[in-house]
Amino acid sequence: MSAEAGDRSGPDSPHGSSGSDGSENSGPAGAGSSYLDNQQRLDQGMAVMGGITGDVTMLFTGPRDDAVTDYIVKPRLREGPYPAADVHARLRGFVEPPSYARCRKVLDGHLLMLRARSGTGASTTAFALLAERYGTDGITGLDSPDDLSRWSPTEGRGYLLQGLSPQAAASLGEVVLTALAGRLRRERAHLVVTVPAETPLPHDTVPWQVAHRPPPPAEVAAKRLGTLTETGELTPVQESEALGHLASADFSGYLHAHPLPQDGVEAADGLRDLVVLGKPATAVLEELRTGSPSAARQALTESRHRSDSLSLMAAISLLPGQDRTVIEEYSAILRPLFDARHSPDPATAGGPERVDTSGPGAEGSQARRDVLGPAFEDRLAAVGARLLAPRSGAAQRYPVQPVAFSGRHRSETLLRSLWLDYEGMASLLWRALGTAPHHPDVELTAGRAIGKVLAHATGPDTLRQLYPFASSDKRWHRRLVAYALGEMVQYPALTGAVRNQLRDWSRATPVPLRCTVADTCAGSYGLARPAVALKLLDSVLDGPGKGLEVGLRTAVSLALSTLLSEQDNHGDVLDRLRNWQAAEPGTPPHTLAVHVIESMSLTSFPRPGSPGVGRVRLADLLTDQPRRAVGLVVMALDDPATHAATATGLSLIENDPGERHRTDFPRFLAALSGEARSHRGVLRFILSRHRARAVFPAEGSAS
């Protein structure tokens with residue numbers, strides 16, 4: 001029986017304790033004193049000291065800190081090619097805005113500066129304009145810090161830069177844009193730049209500018225309903241009924257007051273619930289309205305003297321969709337923190353005990369205390385939330401009953417107001433998270449919720465407040481920060497700040513900070529900026545310290561697995577592995593390369609049971625990247641640390657008829673043999689293989 005590295009109890013584990021000298025000691029006081037000079041530390045397995053008679057059963061029941069969420073959130077903004085499926089999904093419900101014809105005409109000159117307010121659908125319009133010319137697989141994203149005066153297209157396709165920064169905008173002018181349009185024309189490429197309405201542009205750039213006007217939300221809602229019918233979520237009869245409600249005075253009035261495209265999408269989704277689930281129209285409209293910022297502020301104001309209600313709303317906002325027990329637990333941690341802010345009068349405090357003045361014997365001073373308090377479902381109803389239907393899944397060992405607010409976006413608007421508008425509330429929420437036990441998916445839900453809030457924050461503390469969790473020894477804390485940064489970087493105004501913060505942390509001495517950087521690369525940030533992510537991983541592995549710690553190896557491995565999940569990144573990842581393989585033996589880059597190559601050769605990378613998005617084998621590299629695979633295999637065979645594993649992996653491929661045919665192994669072997677004269681490791685493999693074939697010839701094998 002063995003335990004994975006990192007599973008052993010430590011000072012952060014509820015099942016471990018430390019002596020006064022810092023040594024780990026799991027027994028009663030004095031029980032381990034005789035072993036103080038005879039201690040062992042294991043990365044795997046278990047050690048037993050003393051004699052054993054009979055069988056021993058070991059049960060590891062403590063929470064595993066490494067068993068965190070490794071879900072990958074797909075990025076909305078990218079630096080590089082956008083997958084065709086992503087573009088197609090964005091354009092499913094697209095409605096041409098009133099300014100679309102003008103955009104087409106200006107883009108005929110190969111360059112369009114599209115000015116728009118946030119949330120008006122300018123990005124979707126830009127995708128549609130470029131997809132008309134190059135298809136859904138012909139769009140490449142640019143990073144917002146890119147200097148357009150020095151940038152040039154590399155091929156004839158569509159380019160998109162979302163959210164031009166004020167610094168980049170100030171550097172533009174007629175001369176710069178004329179030259180840029182000329183470079184685009186020569187490459188038969190087109191570029192659309194979305195510019196926030198509040199970002200000033202020089203006056204001589206007007207010929208390239210178009211002011212974006214969003215499509216009417218009612219048209220967006222109607223298109224959405226038609227799409228739901230096409231996908232089978234609605235029947236034609238249900239679509240017709242929903243369109244009838246959409247034209248009613250109540251829904252028309254709502255959309256008149258909420259004119260953004262997303263408002264139309266949400267109205268359509270509400271109408272779907274109306275015609276499919278039989279929800280009353282008044283209930284649908286109420287859910288739409290309660291997600292507004294004004295409704296959130298009103299709800300917080302009404303609960304300002306009730307810590308029970310306020311803590312419950314905060315818990316649901318920060319952990320939307322979590323199980324009811326998790327919400328109750330986090331709410332219970334928050335309540336005394338809220339109570340302590342101003343030491344409220346017990347008569348008005350929202351604690352669990354209340355006065356019951358109903359029933360006999362409750363007159364005057366004879367009122368009885370309600371020690372039971374309201375039921376959980378009643379508390380939820382009081383703050384506009386409800387229990388969803390229980391669910392079970394392959395990844396869950398037990399049923400889960402999520403808690404959610406009734407109104408759409410209610411969680412986001414409540415948390416944003418609570419976090420940003422009320423002094424000291426953010427620190428209390430961080431404090432409660434730091435003391436709360438870990439539950440599955442908490443780092444995902446809380447991290448994304450916090451990231452969306454901080455995207456609207458200002459000042460130097462926006463990123464600074466992430467430091468305590470980013471430097472934590474607990475992996476779920478670091479993953480929470482990674483999810484938060486992944487959300488924040490989707491907002492162009494924060495791209496540069498997040499990049500600088502990750503660069504600083506990647507060079508830091510504390511290993512947990514470098515683990516946080518790798519975990520951030522193992523998500524939407526890495527997929528959106530693969531070149532930047534690989535440079536950050538270089539820096540992470542080049543940090544101080546001789547060995548490669550288990551936690552850092554896990555984080556970097558997950559980042560590489562995330563990058564390898566998209567075919568476009570395979571070449572760059574293999575080139576980086578070759579660089580790490582060439583590093584000095586024993587250094588973190590070399591150790592990591594050895595781990596990856598051994599895993600791919602013998603089983604897959606990441607290894608079965610380890611966290612990872614997709615599994616890559618040596619046979620996959622020979623098939624998808626034959627030229628780069630030859631160079632990587634040559635280096636692996638030349639390295640004593642990976643020679644045996646690589647040779648075994650090649651033999652497994654050759655001895656499997658299906659894999660041998662798929663990889664075109666005879667051609668690969670011929671290319672490898674051409675390197676034997678100048679590479680001793682390759683020569684050793686060729687001679688060993690030749691001797692083995694001479695003694696035990698394999699049927700159908702290449703000689």
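Atom set for the values below is all heavy atoms of this structure, side chains included, hydrogens, waters and symmetry mates excluded.
- No donor-acceptor pair under 3.5 Å is formed between the side chain of N569 and the backbone N or O of L564.
- Ring geometry for Y82 against F127 counts as perpendicular: the plane angle is over 60°, on a 0 to 90° scale with 30° as the lower cut.
- Considering E598, H590, Q581 as possible partners of T642, the one that fulfils the side chain to side chain donor-acceptor pair (under 3.5 Å) test is Q581.
- Looking at E566 and R78, a side-chain N of the basic residue comes within less than 4.0 Å of a carboxylate O on the acidic one, giving a salt bridge.
- Inspection of the S599 and R607 side chains reveals an N or O donor paired with an N or O acceptor under 3.5 Å.
- In the model, T194 has no side-chain atom that pairs as donor or acceptor with a side-chain atom of Q162 under 3.5 Å.
- Checked by atom type and distance alone, the side chain of S506 pairs as donor or acceptor with a backbone atom of R503 at under 3.5 Å.
- The closest donor-acceptor contact from the side chain of R416 to the backbone of H456 lies at 3.5 Å or more, if one exists at all.
- At distances below 3.5 Å, not a single donor-acceptor pair connects side-chain atoms of T663 with backbone N or O atoms of A619.
- T124 and R90 are not linked by any side-chain donor-acceptor pair at a separation below 3.5 angstrom, with hydrogens and angles left out of the test.
- At least one donor-acceptor pair closer than 3.5 Å links the side chain of R478 to the backbone N or O of D473.
- Judged by distance alone, with hydrogens and angles left aside, the side-chain atoms of D323 form a donor-acceptor pair with the main-chain N or O of Q401 at under 3.5 Å.
- Side-chain contact check for R529 and Y525: no donor-acceptor pair (N or O, by modelled atom type) lies under 3.5 Å.
- E443 and H477 share no donor-acceptor pair across their side chains, judged by distance under 3.5 Å alone.
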Please determine whether salt bridge (Lys or Arg N to Asp or Glu O under 4.0 Å) holds for the pair R448 and D441, giving the CA-CA distance in whole Å, both sets of side-chain angles, and the decisive distance to 0.1 Å.
CA-CA 11 Å; R448 297 189 69 186; D441 291 342; over 6 Å; no
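- Using modelled atom types, one side-chain atom of T435 and one backbone atom of A432 make a donor-acceptor pair closer than 3.5 Å.
- Not one N or O on the side chain of R628 forms a donor-acceptor pair closer than 3.5 Å with the backbone of D575.
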